[in-house]
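In listed order, ligands and their atoms are each counted from 1.
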Amino acid sequence: MEESSKLALPDAFLDFLKVNGLDPSIYTASDSTPRYIRLKPGCEAYLEEVEAEMKCKIEKVDWLPGFYSLPPDIQIASSKAYQEGKIYGIDAASGAAVLALDISAGDHVLDLCAAPGAKLCMISDLLGDSGSVTGVDVASHRLAACRTMLQKYALGESALEEKGDAFREWTSRRPYKERKKATKARKTVASQLVLGSQHPELIFYGRHSGVVGPTRSELYQSGCDSEVSSQGYDKVLVDAECTHDGSIKHIQKFEHWGWTTLQRRVLDAERTDSLTTLQLKLLSNGFRLLKVGGSLVYSTCSLTIAQNEDVVQKFLKENASAELQEINAAKNWPCKSGQIPNTLLFDPLTSQTSGLFVAKFLKLAIW
Ligand SMILES: C[S@@+](CC[C@H](N)C(=O)[O-])C[C@H]1O[C@@H](n2cnc3c(N)ncnc32)[C@H](O)[C@@H]1O
């Protein structure tokens, strides 16, 4: 172990940081990083009750509406307020990534890497009774957790599972008539984009299906370019799979899981290479499903240039219709600029949040 970092982290992780040009001191405030909660809209009146239950001062996060910070050692999951669905446990940087989408009433939003669903719930709360949100993920067990979360917060859900070429319902708890109606509606997925209010919808793609997100034909049945440009999603979030190295809390979990697991799951160079390929594919596919004039937010909880700025550069090179946008809401955020202007980096030390990279793109009308 290296003394200088003051962290019980293995040399292999410190080497990973060095290779990626990351200063280990950004993790030194990990023990004093607050916990964050988001109040379920309509539960504002319960704040004092939550404070009394948690026996601590809950501070409003002045740069992030609806978010509150708590002392680092508070256990959120065991509280009554959490179990009753009055509060969400979600890091402030994650909230910022959702806010960067600039969601308006009536938007149709695609959350391409949705599980376990903290950001999906926030999107759904921001939309209220308007628009729609579709969550996609490849991990069925993570989608199951996502479904449980949507049910807990009464956000509704209709979960779909891939079966061969067709989608069938994941749960059959809903009455037959309702399921039949849903199956019919699904046949015209494009129509969902123009319908009014929709409950969040979860879509599961088998890990080996080779599909990253809904295909164009599923979304736009007649599929001509003019329809794509006018009927794609208004907003797309690509909160991509990554090495999670920005989240020291995640890295510390490997103390229990074993540092060899960290080596295999986080530090392995071959895995990182395939991850950057996946990240670029996820970003490109999310962008393909965006309407002209719509915006996409790409985020990772890695702080490495390979998974962030490099992916952004490659993507911009391949997509003439993509323009990197300034995130207007970020003026008061406690983050730094990434290596590319207009990209943002929440490092744990400066931001007092879990690490996150955020970039926002606008889709221009160029074919
Ligand atoms: C960082 S996590 C997403 C966290 C989530 N946005 C939230 O706020 O709770 C990344 C997710 O990407 C999913 N994923 C990995 N490969 C994918 C793919 N090819 N298509 C869609 N999702 C994928 C993983 O299963 C994982 O759930």
Side-chain angles (χ1 to χ4, degrees), residues 36-38 67 76-77 88-101 103 109-126 133-150 152-153 155 157 159-162 200-215 218 233 235-247 249-251 253 265-266 271-272 274-289 296-304 307-308 311 346 353-359:
Y36 292 94
I37 57 167
R38 182 171 73 79
F67 276 71
I76 293 167
Y88 297 90
I90 172 171
D91 190 76
S94 295
V98 174
L99 215 65
L101 277 171
I103 288 171
V109 186
L110 173 66
D111 184 352
L112 200 46
C113 300
K119 298 182 189 73
L120 184 77
C121 288
M122 184 168 162
I123 294 168
S124 187
D125 279 335
L126 286 171
V133 54
T134 300
V136 176
D137 206 283
V138 284
S140 56
H141 65 287
R142 288 172 67 88
L143 270 181
C146 192
R147 180 179 51 171
T148 305
M149 200 189 284
L150 288 169
K152 175 181 155 188
Y153 291 101
L155 292 168
E157 55 87 24
L160 315 175
E161 184 179 15
E162 188 197 33
E201 174 189 79
L202 301 180
I203 301 178
F204 169 63
Y205 289 94
R207 195 165 275 279
H208 303 294
S209 67
V211 181
V212 187
T215 63
E218 280 155 7
Y233 286 93
K235 307 282 159 63
V236 174
L237 176 64
V238 180
D239 186 34
E241 176 86 3
C242 69
T243 49
H244 303 288
D245 53 85
S247 163
K249 289 205 164 60
H250 180 83
I251 296 297
K253 285 184 194 159
R265 298 209 356 220
V266 179
R271 180 172 185 261
T272 311
S274 67
L275 261 183
T276 54
T277 308
L278 174 66
Q279 286 156 347
L280 182 60
K281 274 192 191 165
L282 287 166
L283 175 52
S284 306
N285 201 49
F287 193 72
R288 184 174 65 81
L289 301 168
L296 178 150
V297 166
Y298 172 75
S299 58
T300 78
C301 60
S302 167
L303 300 177
T304 67
Q307 294 172 70
N308 299 325
V311 172
F346 286 84
T353 68
S354 197
L356 202 79
F357 171 86
V358 186

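Of all the atoms in ligand 1, the ones that sit under 4.0 Å from a non-hydrogen atom of Pro116 are 9 (O). Counting atoms of ligand 1 from 1 in the listed order, those under 4.0 Å from a heavy atom of Glu241 are 10 (C), 11 (C), 12 (O), 13 (C), 15 (C), 24 (C), 26 (C). Taking a cut-off of under 4.0 Å to the non-hydrogen atoms of Leu112, the atoms of ligand 1 that pass are 21 (C), 22 (N). Near Gly117, the atoms of ligand 1 lying under 4.0 angstrom from a non-hydrogen atom of the residue are 7 (C), 9 (O). Listed by number with element, the atoms of ligand 1 under 4.0 angstrom from any heavy atom of Ala114 are 5 (C), 6 (N), 7 (C), 9 (O).
One finds the CD1 atom of Ile123 at 6.0 Å from the CG atom of Leu101 (value rounded to the nearest 0.5 Å). With rounding to the nearest 0.5 angstrom, the CG atom of Asp239 is 3.5 Å from the NZ atom of Lys119. Between atom OG of residue Ser284 and atom CG of residue Leu289 there is a gap of 11.0 Å, rounded to the nearest 0.5 Å. Taken from CG in Leu275 to OG1 in Thr304, the straight-line distance is 9.0 Å, to the nearest 0.5 Å.
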Checklist entry - Is there a side-chain contact (heavy atoms from CB on, under 4.5 Å) between Leu110 and Leu296 once you walk through the steps? => result CA-CA 9 Å; Leu110 173 66; Leu296 178 150; over 6 Å; no
Next on the checklist: Quick one, Asp137 with Cys146, criterion side-chain contact (heavy atoms from CB on, under 4.5 Å). Give me CA distance, side-chain angles, the key distance, then yes/no.
Outcome noted: CA-CA 10 Å; Asp137 206 283; Cys146 192; over 6 Å; no
Item to check | Stepwise side-chain contact (heavy atoms from CB on, under 4.5 Å) test for Met149 and Cys121 | outcome: CA-CA 8 Å; Met149 200 189 284; Cys121 288; 3.6 Å; yes
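Contacts with ligand 1 closer than 4.0 Å are made by no heavy atom of Cys242, backbone or side chain. Heavy atoms of Cys301 found under 4.0 angstrom from ligand 1: none, in either backbone or side chain. By the criterion of a heavy-atom distance under 4.0 Å, the side chain of Arg142, and not its backbone, is placed next to ligand 1. Contact annotation for Leu120 and ligand 1: no heavy atom of the residue comes within less than 4.0 Å of the ligand.
Between Ala240 and ligand 1, not a single N/O pair is under 3.5 Å apart. Where the criterion is an N or O separation shorter than 3.5 Å, residue side chain and backbone included, Leu278 fails it with respect to ligand 1. Taking distance alone, with nitrogen or oxygen atoms compared against 3.5 Å, Leu282 stays at or beyond that limit from ligand 1. Looking at His244 next to ligand 1, no N or O pair under 3.5 Å apart turns up. Residue Val136 places no N or O, backbone or side chain, under 3.5 Å from any N or O of ligand 1.
Using modelled atom types, one finds no donor on one side chain facing an acceptor on the other under 3.5 Å when comparing Asp125 with Tyr153. A donor-acceptor pair shorter than 3.5 Å can be found between the side chains of Thr243 and Gln307.
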